[in-house]
Amino acid sequence: MARRFYVTTPIYYVNGVPHLGTAYTTIVADALRRYHLLCGDDTRMLTGTDEHGLKIEREAVAKGISPQVFVDDMSGRFRAAWPELSIEPSDFIRTTEPRHTALVQELWRRVEANGDLYLGEYEDWYCVGCESFKTEKELLPGNLCPLHARPVERLKEKTYFFRLAKYQEPLLRHYEEHPEFIAPEGRRNEVLSFVRGELRDLSVSRTSFTWGIPAPGNPKHVLYVWFDALANYWTALGGEGAPLGCYWPPEGYALHLVGKDILRFHTVYWPAFLLSAKIPLPSRVFAHGFLTIDGQKMSKSLRNAVDPLRLARELGADVLRYQLLRAIAFGQDGDFDHSALLARYNADLGKNVGNLLSRTLGLCGKVTGGKTPAFGAPTQLETDFIEEYTRRVGASRAHWEALEPHRALEEAIGLSSAANQYIDRAAPWAAAKADSPERVGTILATLLEALRGLSVLLWPALPNKMAQMRVQLGITPLAPAVGVDLWPMRFEPRAAGEALAASGPLFPTFDKDAEQALLAKLAPRVDSEKPNVPVVQAAPGTVSYEQFAALDLRVGVVKTCERVVRKDKLLKLTVDLGEPEPRSIVAGLALTFAPEDLLGKRVLVVANLASREFGKGLVSHGMILATGPSEALRLASVPDDVPVGSRLK
RNA sequence: GCCGGAGUAGCUCAGUUGGUUAGAGCGGGCGUUUCAUACGCGCUAGGUCGGGGGUUCGACUCCCUCCUCCGGCACCA
């Protein structure tokens, strides 16, 4: 009853290096891979890199190298990173590989043959500086490019469209018939409501850059990001009729792990492409949450500050894997907290599992000469413990099946706790003093078998540590094979007389000093960039939106400006706010600015401030915004091309 | 604005189709053992289960409403 299990991670865009977020997804995928291996499933895991697109082209140019050289280097970093985290994908695909490009083009042709591609015009905001389109959302107020702060323009580009709208009903039907297709539940509902709304055809090609896969039959176009990238899950298996095709439905079970930010692409666009190409859909798309780090959002600077490889080198890959799998409810947002990591390591692994191994082997060394004792007549204690063992081993398995690694591991630790309870109740040291070797043997044999089971249950998360544990237990390394179920569902104590090989603490704990030292070493240091604004909560002096909105802030241009006699600080100016007549404003700018400095300048004005009388008929109808000491003011400003009278918001 | 999720012990969270004294882990407190990595085991938290109202013999669990947080969509004051 070996299943064919195929798990994928997103392919990572090579404009960055592996960070904790990408490591997280990939570690979960690897843990699932290992779990399925243990079950005897025919298992396959895929990860890789996404290497096309304008950003890459641009970055390579900026570095003065060819895109290919650039992506070779970047992709290599991802490929090299995973083994350091004990991640062993079956395959690593790059979107620049011929095996991918050829099959993506085939996919394109199939979609085209199905009548789902048409040439049209894509119209949106375009920044000449970027040479790329911007969505409305990206733009700064006043239709400015967020990168260049210059106005974008409306532009049209020839592009192929995919008839996404056509697949609204088929998609909804598929969601309906396969409720497990999108998980978790909450995410499924989001997608559902999105698809129930209006689906617009999707632009799937570009002509404004060349670093991509040429569209078959029209090489002026390159395939646009999603059509190219999503296909990797399928192209990596070699396409239709290839030997690896058996990992794809209907024969295989294909699971895509994705971040919740790219859920839609995987549950709407990708299935639609496949429906069009008449290829079976993947079995399930599971969206996990985002990580915060020590309670802080993973900003760019934090991303780089928390390097999973550095953590792995410092603590061992297993410890990092364990924390990510155990501390974060898969599917929900989670926090990666450094001190919680150390605390959990000490508690779960050191004190619970590690000490259990240590005391068991210690007793064996003293009482049985470092060999496995015989399992004799069980008492109620053994019967109860074995019952709990069986229950937890089964529960752990069920949780892996349900994509709940945090719970699967919780069960494993619970089993270790139960063994610690059992050893206290059974008190083999007392039995040894009472000179009842058979009883001691039975107790120790029970514990050794529990530890053997643990070495399997924890292996998906802690492959290296569990390998070491098995060495100490004197058993062979786990050697998963297709069709062989290694999950320790049955409690079967070993034969007597086998050699054990205790060799000291498996999980040496950190004392307070060591913890402090590690935290100091590992904690992300980003304070320089953001002076750790601790509380940005609503302070007593906050204003409501309504209060804020009551302000009329406008862009104006200074038309006239003159000193005010006997008022050294004041300038009297008239400012054009786009109103019929320029406003007369009195402002305390004179210590910094000479009147001629300000002529023609753009300024920001509070336009609905109550008028103020300065005497001698001098009245100010507004306030000019500035910052700094009186003698070194800086005017709040906007670029010169912002129309006069524009309101700020 | 619409839709969805969440708000349970100091922290992280479980809580099945409503029913005796609301749970776990960690932390804290107390006790205890000595085989063990100063480890383990036992006991302990008296928490208005976000607020208010309702249904019911009885609600954390059902309904209404309000507040806060988060997410999706819409919109951009």
Side-chain angles (χ1 to χ4, degrees), chain A residues 136-137 139-143 182 184-199 259-261 263-264 267-268 287 289-290 292 295 297 323 326-329 331-337 339-368 395 399 404 406-407 409-411 413-414 416-433 440 443-444 447 451 472 502-512 514 537-538 544-553 647-649:
Chain A
E136 199 97 2
K137 246 184 182 169
L139 296 181
L140 267 29
N143 283 352
I182 306 168
E185 186 81 22
R187 298 289 152 197
R188 178 170 185 270
N189 293 333
E190 283 176 18
V191 174
L192 245 54
S193 66
F194 174 78
V195 174
R196 284 188 184 126
E198 194 196 0
L199 285 185
K260 62 183 182 182
D261 53 328
L263 213 223
R264 185 188 302 168
T267 54
V268 182
F290 288 157
T292 51
K297 243 184 159 172
Q323 179 68 1
R326 173 67 230 279
I328 294 154
Q332 297 179 18
D333 287 347
D335 184 45
F336 183 84
D337 183 281
S339 69
L341 177 150
L342 296 183
R344 191 180 287 285
Y345 169 85
N346 275 345
D348 285 5
L349 299 179
K351 295 176 183 178
N352 201 326
V353 178
N355 190 48
L356 176 68
L357 175 72
S358 180
R359 66 203 303 207
T360 303
L361 291 181
L363 280 165
C364 287
K366 285 180 189 167
V367 180
T368 68
H399 285 133
E404 298 172 332
H406 56 296
R407 291 194 168 161
L409 294 172
E410 189 179 17
E411 286 295 341
I413 298 302
S416 180
S417 285
N420 273 317
Q421 286 161 25
Y422 164 74
I423 195 173
D424 259 53
R425 288 184 190 134
W429 47 89
K433 279 177 188 155
V440 176
I443 297 166
L444 292 180
L447 290 165
L451 283 162
Q472 294 206 31
S503 63
L506 181 61
F507 299 103
T509 53
F510 302 108
D511 61 23
K512 283 263 184 286
Q537 302 304 335
S544 68
Y545 177 76
E546 284 69 20
Q547 287 173 295
F548 164 70
L551 287 177
D552 184 9
L553 301 173
R647 180 152 185 203
L648 276 75
K649 46 192 177 177

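Atom set for the values below is all heavy atoms of this structure, side chains included, hydrogens, waters and symmetry mates excluded. Chain identifiers are assigned alphabetically (A, B, ...) following the order of the sequence lines, protein sequences preceding nucleic acid strands; residue numbering begins at 1 within each chain.
Every residue meeting the side chain to side chain donor-acceptor pair (under 3.5 Å) condition with A/Asp337, not counting sequence neighbours, appears here in chain and number order: A/Ser339. A/Glu411 pairs by the side chain to side chain donor-acceptor pair (under 3.5 Å) definition with A/Arg392, not counting sequence neighbours. With sequence neighbours excluded, the residues satisfying side chain to side chain contact (heavy atoms under 4.5 Å, CB included) with A/Ala430 are A/Ala427. When the ring-ring contact (aromatic ring centres under 6.0 Å, His included) test is applied to A/Phe336, the partners found at least two apart in sequence or on another chain are A/His338. Every residue meeting the side chain to side chain donor-acceptor pair (under 3.5 Å) condition with A/Asp333, not counting sequence neighbours, appears here in chain and number order: A/Lys260. Take A/His406 and apply the side chain to side chain contact (heavy atoms under 4.5 Å, CB included) test, not counting sequence neighbours, and it matches A/Ala329, A/Phe330, A/Glu404. Take A/Lys351 and apply the side chain to side chain donor-acceptor pair (under 3.5 Å) test, not counting sequence neighbours, and it matches no residue.
Rounded to whole Å, the P atom of B/G18 lies 37 Å from the corresponding atom of B/A74. With C1' as the reference atom, B/G72 and B/G10 are 33 Å apart, rounded to whole Å. Here, B/A45 and B/G53 have their P atoms 29 Å apart, quoted to the whole Å. Of the C1' atoms belonging to B/U34 and B/G47, the separation is 36 Å, rounded to the nearest Å.
In this entry the distance linking OH of A/Tyr422 with C1' of B/A36 reads 16 Å, nearest Å. Between A/Leu263 atom CG and B/G72 atom C1' there is a gap of 10 Å when expressed in whole angstrom units. Distance, A/Phe507 CZ to B/U37 C1': 12 Å, rounded to whole Å. Atom CG of A/Leu341 is separated from atom C1' of B/G25 by 16 Å (rounded to the nearest Å). Between A/Asp337 atom CG and B/C13 atom C1' there is a gap of 15 Å when expressed in whole angstrom units. Here the P atom of nucleotide B/A24 and the CD1 atom of A/Ile413 are 18 Å apart, to the nearest Å. Remark: P of B/U33 and NZ of A/Lys433 are 12 Å apart, rounded to the nearest angstrom. Look at CG on A/Leu349: it is 17 Å from P on B/G25, rounded to the nearest Å.
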Less than 3.5 Å apart, which donor and acceptor atoms pair up between the side chains of residues 188-197 of chain A and the rest of the protein, not counting sequence neighbours?
residue, atom, partner, partner atom, Å
A/Arg188, NE, A/Pro179, O, 3.3
A/Arg188, NH2, A/Tyr175, O, 2.8
A/Glu190, OE1, A/Arg187, NH1, 3.1
A/Glu190, OE2, A/Arg187, NH1, 3.2
A/Ser193, OG, A/Asn189, O, 3.4
A/Ser193, OG, A/Glu190, O, 3.0

Run the side-chain donor-acceptor check on residues 356-365 of chain A: report pairs under 3.5 Å with partners two or more places apart or on a different chain.
residue, atom, partner, partner atom, Å
A/Arg359, NH1, A/Asn420, OD1, 2.8
A/Arg359, NH2, A/Asp424, OD1, 3.2
A/Thr360, OG1, A/Leu356, O, 2.7

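A side chain to side chain donor-acceptor pair (under 3.5 Å) with A/Ser416 is found for exactly one of A/Asn352, A/Asp348, A/Asn355, namely A/Asn352.
Residue A/Lys260 places its side chain closer to B/G71 than to any other of B/G71, B/U34, B/A36.
Consecutive Watson-Crick or G-U pairs involving RNA chain B, each under 3.5 Å on both distances, make up stems of three or more pairs at B:1-7 with B:67-73, B:10-13 with B:23-26, B:28-32 with B:40-44, B:50-54 with B:62-66.
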Between the protein and nucleotides 38-41 of chain B, list the N/O to N/O atom pairs that are separated by less than 3.5 angstrom.
residue, atom, partner, partner atom, Å
B/C39, O2', A/Asn355, OD1, 3.1
B/C39, O2', A/Asn355, ND2, 2.2
B/G40, O2', A/Arg359, NH1, 3.0
B/G40, O2', A/Asp424, OD1, 3.1
B/G40, N2, A/Asp424, OD2, 3.4
B/C41, O4', A/Asp424, OD2, 3.0

With the sugar-phosphate defined as primed atoms, P, OP1 and OP2, and the base as all remaining atoms, what B/S/- string results for nucleotides 1-12 of chain B, 5' to 3', for protein heavy atoms under 4.0 Å?
------------

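Projected onto RNA chain B by closest heavy-atom contact, A/Glu410 and A/Arg407 fall at different nucleotides, the more 5' of which corresponds to A/Arg407.
Ring geometry for A/Phe510 against A/Tyr345 counts as tilted: the plane angle lies between 30° and 60°, on a 0 to 90° scale.
OP1 or OP2 of B/A14 sits under 4.0 Å from a side-chain N or O of A/Gln332.
A distance of 9.5 Å separates CZ in A/Arg344 from CG in A/Leu349, rounded to the nearest 0.5 Å.
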